Amino acid sequence: QVQLVESGGGLVQPGGSLRLSCAATGTWFSINAMGWYRQAPGKPRELVAAITSGGNTNYADSVKGRFTIARDNAENTVALHMNSLKPEDTAVYYCNTKVRPVFGRTDYWGQGTQVTVSS
């Protein structure tokens, strides 16, 4: 099993920056990918950014050029650096990982962390 814990959410003014972090604990053969999703009130959950074990990245069009996803060398933590934040970035941000498991599922989610962009 894998546990994911997000941190770094909070209140920030428009144009500001915020860094989210996700730590994975548990047991796995390898992590295939880690990413961030977000869900705003009244909207479906959407992919924000993802990074594979090989370092390939994907970003939502709405965050390209503003957000950067990064992982550590052990690939058990992932960070989302958010710049030039806009009110429409307000959402609960969820960490997701896809693993090659020792046991259990291949897909895990964190509990979410609130990001609010407001003056």
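Since the structure is predicted, the reported quantities are computational estimates derived from the model, not experimental observations. FYI, the numbering just counts along the sequence from 1.
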Separation of Phe103 CZ from Phe29 CZ (nearest 0.5 Å):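 Between atom CZ of Phe29 and atom CZ of Phe103 there are 11.0 Å.
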Gap separating the CD atom of Gln114 from the OG1 atom of Thr90, nearest 0.5 angstrom: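 Gln114 CD to Thr90 OG1: 7.0 Å, rounded to 0.5 Å.
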[Y] side chain reached by [X] side chain, heavy atoms, under 4.5 Å:
| X | Y | value |
| --- | --- | --- |
| Thr52 | Lys98 | no |
| Met34 | Leu4 | yes |
| Ser118 | Gln13 | no |
| Asn76 | Trp28 | yes |
| Arg19 | Leu80 | no |

ILVMFWY cluster, Ile69 and Tyr108 together (side-chain gap under 4.5 Å):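 Yes: a chain of side-chain contacts under 4.5 Å links Ile69 to Tyr108.
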Gln111 and Glu6 side chains, donor-acceptor separation under 3.5 Å: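 Distance-only check passes for Glu6 and Gln111.
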Check: Asn32/Ser53 side-chain N/O donor and acceptor closer than 3.5 Å: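 No - no donor-acceptor pair under 3.5 Å links their side chains.
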Test log, rule salt bridge (charged side-chain N to carboxylate O under 4.0 Å, His left out), inputs Lys64 and Asp61: CA-CA 5 Å; Lys64 286 181 179 178; Asp61 288 340; 3.1 Å; yes
Lys NZ or Arg CZ of Arg45 over Tyr94 ring: under 6.0 Å, within 45°: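 The answer is yes; both the distance and angle limits are met.
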Plane angle bin for Tyr93 and Phe67 - parallel if under 30°, tilted between 30 and 60°, otherwise perpendicular: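 If you compare the ring of Phe67 with that of Tyr93, the planes turn out tilted.
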